[in-house]
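Residue numbers count from 1 along this sequence.
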Amino acid sequence: MSAYPDDKALARRLANGERRAFEQFFADLFPRLYRFVLLRVEHDNETAQDICQQVLERTVRRIDSYRGEASLFTWVCQIARNELADHWERTSRERQRSSSYDQDEVLRHALESLEVDPLRAPEKVKEQSELRLLIQTVLDHLPANYGNALEWKYVEGLDAREIGSRLNLSDSAAHSLLARARRAFRVEFEALAQEIK
(Lines give C-alpha, C1' and ligand atoms only; values in the text may rest on other atoms or scores of the structure.)
Protein backbone atom coordinates (compact mmCIF):
# COMPACT_ATOMS: atom_id res chain seq x y z
CA MET A 1 0.00 0.00 0.00
CA SER A 2 1.33 3.44 -0.95
CA ALA A 3 2.09 5.89 1.85
CA TYR A 4 0.88 8.66 -0.49
CA PRO A 5 -2.25 7.31 -2.23
CA ASP A 6 -3.31 10.69 -3.69
CA ASP A 7 0.15 11.23 -5.20
CA LYS A 8 0.16 7.64 -6.49
CA ALA A 9 -3.25 8.17 -8.12
CA LEU A 10 -2.04 11.41 -9.73
CA ALA A 11 1.07 9.62 -11.02
CA ARG A 12 -1.11 6.88 -12.52
CA ARG A 13 -3.23 9.51 -14.28
CA LEU A 14 -0.07 11.23 -15.56
CA ALA A 15 1.25 7.90 -16.86
CA ASN A 16 -2.05 7.48 -18.72
CA GLY A 17 -1.51 10.85 -20.37
CA GLU A 18 -4.45 12.69 -18.79
CA ARG A 19 -4.20 16.38 -19.58
CA ARG A 20 -6.02 17.48 -16.39
CA ALA A 21 -3.63 15.38 -14.34
CA PHE A 22 -0.68 17.21 -15.87
CA GLU A 23 -2.36 20.57 -15.23
CA GLN A 24 -2.91 19.62 -11.58
CA PHE A 25 0.63 18.27 -11.26
CA PHE A 26 2.09 21.43 -12.81
CA ALA A 27 -0.02 23.83 -10.71
CA ASP A 28 0.77 22.02 -7.44
CA LEU A 29 4.44 21.22 -7.93
CA PHE A 30 6.01 23.71 -10.31
CA PRO A 31 6.12 26.76 -7.99
CA ARG A 32 7.65 24.68 -5.20
CA LEU A 33 10.09 23.00 -7.60
CA TYR A 34 11.09 26.38 -9.02
CA ARG A 35 11.84 27.75 -5.53
CA PHE A 36 13.78 24.57 -4.72
CA VAL A 37 15.93 24.87 -7.86
CA LEU A 38 16.29 28.67 -7.84
CA LEU A 39 17.97 28.65 -4.45
CA ARG A 40 20.44 26.02 -5.62
CA VAL A 41 21.49 27.91 -8.78
CA GLU A 42 22.29 31.13 -6.94
CA HIS A 43 19.01 32.81 -7.98
CA ASP A 44 19.76 32.58 -11.71
CA ASN A 45 16.18 32.67 -13.08
CA GLU A 46 17.04 31.50 -16.58
CA THR A 47 19.06 28.52 -15.35
CA ALA A 48 16.35 27.64 -12.83
CA GLN A 49 13.70 27.66 -15.58
CA ASP A 50 15.86 25.46 -17.83
CA ILE A 51 16.52 22.96 -15.06
CA CYS A 52 12.85 22.86 -14.03
CA GLN A 53 11.89 22.18 -17.65
CA GLN A 54 14.35 19.27 -17.76
CA VAL A 55 13.12 17.97 -14.41
CA LEU A 56 9.50 18.04 -15.55
CA GLU A 57 10.37 16.24 -18.79
CA ARG A 58 12.30 13.55 -16.88
CA THR A 59 9.51 13.26 -14.32
CA VAL A 60 6.84 12.69 -16.96
CA ARG A 61 9.04 10.16 -18.79
CA ARG A 62 9.71 8.23 -15.55
CA ILE A 63 6.38 8.72 -13.76
CA ASP A 64 5.45 5.05 -14.09
CA SER A 65 8.39 4.21 -11.78
CA TYR A 66 6.94 6.32 -8.92
CA ARG A 67 5.82 3.88 -6.19
CA GLY A 68 4.38 6.32 -3.64
CA GLU A 69 6.89 5.50 -0.88
CA ALA A 70 7.72 9.23 -0.60
CA SER A 71 5.61 12.22 -1.55
CA LEU A 72 5.55 13.07 -5.24
CA PHE A 73 7.24 16.40 -4.46
CA THR A 74 10.09 14.62 -2.63
CA TRP A 75 10.47 12.24 -5.57
CA VAL A 76 10.56 15.15 -8.05
CA CYS A 77 13.13 16.93 -5.85
CA GLN A 78 15.41 13.90 -6.13
CA ILE A 79 15.20 14.14 -9.91
CA ALA A 80 15.95 17.87 -9.53
CA ARG A 81 19.00 17.09 -7.37
CA ASN A 82 20.33 14.84 -10.14
CA GLU A 83 19.74 17.58 -12.75
CA LEU A 84 21.44 20.12 -10.48
CA ALA A 85 24.45 17.83 -10.03
CA ASP A 86 24.69 17.46 -13.83
CA HIS A 87 24.40 21.25 -14.21
CA TRP A 88 27.20 21.97 -11.72
CA GLU A 89 29.41 19.30 -13.27
CA ARG A 90 28.94 20.87 -16.73
CA THR A 91 29.54 24.34 -15.28
CA SER A 92 32.74 23.13 -13.59
CA ARG A 93 34.04 21.64 -16.86
CA GLU A 94 33.27 24.89 -18.70
CA ARG A 95 35.15 26.89 -16.06
CA GLN A 96 38.14 24.59 -16.36
CA ARG A 97 38.20 25.11 -20.13
CA SER A 98 38.11 28.90 -19.75
CA SER A 99 41.28 30.69 -18.71
CA SER A 100 41.74 31.61 -15.08
CA TYR A 101 41.42 35.30 -14.24
CA ASP A 102 44.81 34.99 -12.49
CA GLN A 103 46.38 34.64 -15.91
CA ASP A 104 44.94 37.98 -17.04
CA GLU A 105 46.87 40.70 -15.17
CA VAL A 106 44.46 43.51 -16.07
CA LEU A 107 41.41 41.57 -14.96
CA ARG A 108 43.10 40.34 -11.78
CA HIS A 109 44.12 43.88 -10.74
CA ALA A 110 40.64 45.21 -11.50
CA LEU A 111 39.00 42.54 -9.35
CA GLU A 112 41.47 43.02 -6.51
CA SER A 113 40.99 46.78 -6.52
CA LEU A 114 37.23 46.61 -6.00
CA GLU A 115 36.23 48.07 -2.64
CA VAL A 116 34.59 45.65 -0.28
CA ASP A 117 31.08 46.70 0.66
CA PRO A 118 30.88 46.24 4.44
CA LEU A 119 27.31 44.99 4.04
CA ARG A 120 28.62 42.29 1.73
CA ALA A 121 31.38 41.16 4.06
CA PRO A 122 31.79 37.37 4.04
CA GLU A 123 30.07 36.87 7.39
CA LYS A 124 27.09 39.00 6.26
CA VAL A 125 26.84 37.12 2.95
CA LYS A 126 26.96 33.82 4.85
CA GLU A 127 24.25 34.95 7.28
CA GLN A 128 22.02 36.15 4.44
CA SER A 129 22.58 32.93 2.52
CA GLU A 130 21.72 30.80 5.56
CA LEU A 131 18.58 32.84 6.25
CA ARG A 132 17.53 32.56 2.59
CA LEU A 133 18.03 28.78 2.73
CA LEU A 134 15.99 28.54 5.94
CA ILE A 135 13.13 30.58 4.44
CA GLN A 136 13.20 28.54 1.23
CA THR A 137 13.14 25.28 3.18
CA VAL A 138 10.10 26.40 5.16
CA LEU A 139 8.27 27.57 2.00
CA ASP A 140 8.99 24.27 0.27
CA HIS A 141 7.48 22.27 3.13
CA LEU A 142 4.30 24.30 3.61
CA PRO A 143 1.19 23.21 1.72
CA ALA A 144 1.61 24.36 -1.89
CA ASN A 145 -1.10 27.04 -1.75
CA TYR A 146 0.46 28.54 1.42
CA GLY A 147 3.97 28.67 -0.04
CA ASN A 148 2.70 30.05 -3.34
CA ALA A 149 0.51 32.70 -1.68
CA LEU A 150 3.36 33.90 0.54
CA GLU A 151 5.78 34.06 -2.37
CA TRP A 152 3.27 35.95 -4.52
CA LYS A 153 2.60 38.38 -1.66
CA TYR A 154 6.12 39.03 -0.40
CA VAL A 155 8.31 38.32 -3.43
CA GLU A 156 6.10 39.34 -6.36
CA GLY A 157 4.22 42.01 -4.40
CA LEU A 158 0.71 40.86 -5.32
CA ASP A 159 -2.19 41.96 -3.17
CA ALA A 160 -4.84 39.62 -1.73
CA ARG A 161 -7.24 40.29 -4.62
CA GLU A 162 -4.60 39.24 -7.20
CA ILE A 163 -3.68 36.17 -5.16
CA GLY A 164 -7.36 35.29 -4.85
CA SER A 165 -7.71 35.60 -8.62
CA ARG A 166 -4.81 33.19 -9.19
CA LEU A 167 -6.32 30.69 -6.77
CA ASN A 168 -9.99 31.25 -7.75
CA LEU A 169 -10.76 32.59 -4.27
CA SER A 170 -12.79 35.57 -3.09
CA ASP A 171 -10.92 38.52 -1.56
CA SER A 172 -11.93 37.51 1.96
CA ALA A 173 -10.92 33.88 1.35
CA ALA A 174 -7.55 35.08 0.01
CA HIS A 175 -7.03 37.24 3.13
CA SER A 176 -7.91 34.26 5.29
CA LEU A 177 -5.54 31.99 3.35
CA LEU A 178 -2.71 34.51 3.74
CA ALA A 179 -3.33 34.74 7.49
CA ARG A 180 -3.23 30.94 7.83
CA ALA A 181 -0.13 30.76 5.61
CA ARG A 182 1.65 33.39 7.74
CA ARG A 183 0.82 31.49 10.93
CA ALA A 184 1.98 28.19 9.44
CA PHE A 185 5.17 29.82 8.18
CA ARG A 186 5.89 31.36 11.60
CA VAL A 187 5.42 28.02 13.40
CA GLU A 188 7.58 26.09 10.90
CA PHE A 189 10.25 28.80 10.78
CA GLU A 190 10.56 28.99 14.57
CA ALA A 191 10.68 25.20 14.90
CA LEU A 192 13.35 24.87 12.22
CA ALA A 193 15.36 27.77 13.64
CA GLN A 194 15.32 26.06 17.06
CA GLU A 195 16.58 22.81 15.52
CA ILE A 196 19.48 24.65 13.89
CA LYS A 197 20.57 26.40 17.14
Side-chain angles (χ1 to χ4, degrees), residues 1-91 93-94 133 135-158 160-171 173-174 176-178 180-181 184-185 188:
M1 173 101 182
S2 166
Y4 295 88
D6 291 343
D7 286 355
K8 183 70 175 158
L10 178 60
R12 216 175 7 261
R13 290 173 52 217
L14 280 168
N16 291 334
E18 287 184 35
R19 179 184 170 92
R20 300 223 3 112
F22 182 78
E23 289 169 357
Q24 178 186 345
F25 167 76
F26 187 84
D28 289 349
L29 267 74
F30 183 80
R32 295 161 67 196
L33 173 64
Y34 182 75
R35 287 193 302 267
F36 178 85
V37 171
L38 185 64
L39 182 68
R40 290 156 179 83
V41 293
E42 300 168 349
H43 294 274
D44 179 338
N45 290 317
E46 189 174 321
T47 299
Q49 289 173 3
D50 290 346
I51 290 174
C52 286
Q53 178 75 30
Q54 292 163 1
V55 169
L56 290 176
E57 288 172 11
R58 284 178 81 180
T59 298
V60 171
R61 279 197 311 267
R62 298 176 49 197
I63 197 67
D64 57 348
S65 68
Y66 173 70
R67 295 190 306 264
E69 294 169 356
S71 73
L72 188 55
F73 179 67
T74 299
W75 189 75
V76 170
C77 283
Q78 186 54 52
I79 294 172
R81 284 185 187 95
N82 294 337
E83 280 297 327
L84 286 159
D86 292 347
H87 163 75
W88 287 116
E89 187 177 322
R90 282 190 308 273
T91 302
R93 283 196 307 265
E94 288 167 9
L133 179 60
I135 290 169
Q136 201 66 53
T137 301
V138 172
L139 285 173
D140 288 341
H141 287 90
L142 288 176
N145 58 342
Y146 284 9
N148 293 344
L150 290 173
E151 184 172 341
W152 293 335
K153 171 78 174 164
Y154 296 104
V155 176
E156 295 183 24
L158 300 184
R161 183 185 51 76
E162 293 167 313
I163 291 168
S165 175
R166 284 189 179 185
L167 296 172
N168 294 322
L169 298 173
S170 68
D171 289 356
S176 178
L177 173 74
L178 280 166
R180 290 192 311 273
F185 180 89
E188 291 290 329

Novice: Show the numbers, then the answer: is there a salt bridge (charged side-chain N to carboxylate O under 4.0 Å, His left out) between R20 and E18?
Specialist: CA-CA 6 Å; R20 300 223 3 112; E18 287 184 35; over 6 Å; no
Novice: If you look at every heavy atom in L33 and A80, which pair is closest and at what distance?
Specialist: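 In this case the closest contact between L33 and A80 is CD1-CB, 3.8 Å.
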Novice: Using the test side-chain hydrogen bond (donor to acceptor under 3.5 Å, both in side chains), find all partners of T59 that sit at least two apart in sequence or belong to another chain.
Specialist: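 Applying side-chain hydrogen bond (donor to acceptor under 3.5 Å, both in side chains) to T59 gives none.
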Novice: To the nearest 0.5 Å, what is the distance between NE2 (H141) and OG1 (T74)?
Specialist: 6.0 Å
Novice: Without placing hydrogens or testing angles, list every side-chain donor-acceptor pair under 3.5 Å for residues 24-32, not counting sequence neighbours.
Specialist:
from, atom 1, to, atom 2, distance (Å)
Q24, OE1, R13, NH1, 3.2

Novice: Supply the atom-to-atom distance D44 CG to L38 CG, rounded to the nearest 0.5 angstrom.
Specialist: 8.0 Å
Novice: Residues two or more places apart in sequence or in another chain: which of them pass ring pair (Phe, Tyr, Trp, His ring centres under 6.0 Å) with W75?
Specialist: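 In terms of ring pair (Phe, Tyr, Trp, His ring centres under 6.0 Å), with neighbours along the sequence ignored, W75 is linked to Y66.
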Novice: Sequence neighbours left out, what passes side chain to side chain contact (heavy atoms under 4.5 Å, CB included) with R12? Give chain and number order.
Specialist: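 Per chain and number, R12 pairs via side chain to side chain contact (heavy atoms under 4.5 Å, CB included) with K8, A9.
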Novice: Testing the 3.5 Å rule here: is there a donor-acceptor pair between the side chains of R35 and N148?
Specialist: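 A donor-acceptor contact under 3.5 Å links the two side chains.
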Novice: List for me each residue that meets ring pair (Phe, Tyr, Trp, His ring centres under 6.0 Å) alongside Y146, sequence neighbours excluded, and say none if there are none.
Specialist: none
Novice: Checking D64 now: which residues fulfil side-chain hydrogen bond (donor to acceptor under 3.5 Å, both in side chains) with it, not counting sequence neighbours?
Specialist: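 Partners of D64 by the side-chain hydrogen bond (donor to acceptor under 3.5 Å, both in side chains) criterion come out as none, since no residue qualifies.
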Novice: Looking at every non-hydrogen atom in both residues, tell me the closest pair between A160 and A174 and how far apart they are.
Specialist: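 That would be O-CB, 3.3 Å.
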Novice: What I'd like to find out is whether the side chain of Y34 reaches to under 4.5 Å of the side chain of N45, using heavy atoms alone.
Specialist: yes
Novice: Which residues satisfy the side chain to side chain contact (heavy atoms under 4.5 Å, CB included) test with R58, sequence neighbours excluded?
Specialist: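 Only R61, R62, I79, N82, E83, D86 meet the side chain to side chain contact (heavy atoms under 4.5 Å, CB included) criterion with R58.
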Novice: Is there a donor-acceptor pair under 3.5 Å between the side chain of R40 and the backbone N or O of F36?
Specialist: yes
Novice: Hey, could you give me the CG/CD1 distance between D171 and I163, rounded to the nearest 0.5 Å?
Specialist: 10.5 Å
Novice: The criterion is side chain to side chain contact (heavy atoms under 4.5 Å, CB included); which residues satisfy it with S176, sequence neighbours excluded?
Specialist: R180
Novice: Can you tell me how far apart CG (L56) and CZ (F22) are? Round to the nearest 0.5 Å.
Specialist: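 Separation between the atoms: 6.0 Å.
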Novice: Rounded to the nearest 0.5 Å, what separation is found between the CD atom of E188 and the CG atom of L142?
Specialist: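 These two atoms lie 6.0 Å from each other.
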Novice: Quick one: closest heavy-atom pair of L178 and A149, and the distance?
Specialist: CD2-O, 3.8 Å
Novice: With L169, which residues qualify under side chain to side chain contact (heavy atoms under 4.5 Å, CB included), at least two apart?
Specialist: L167, A173, L177
Novice: Quick one: side-chain hydrogen bond (donor to acceptor under 3.5 Å, both in side chains) partners of Q49, sequence neighbours excluded?
Specialist: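 Here no residue qualifies.
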Novice: Walk me through whether S165 and R161 qualify under side-chain contact (heavy atoms from CB on, under 4.5 Å).
Specialist: CA-CA 6 Å; S165 175; R161 183 185 51 76; 5.8 Å; no
Novice: My understanding is that only residues two or more places apart in sequence, or in another chain, count here; which of them pass side-chain hydrogen bond (donor to acceptor under 3.5 Å, both in side chains) with R19?
Specialist: E23
Novice: Would you indicate whether the side-chain heavy atoms of L72 and I63 approach each other to under 4.5 Å?
Specialist: yes
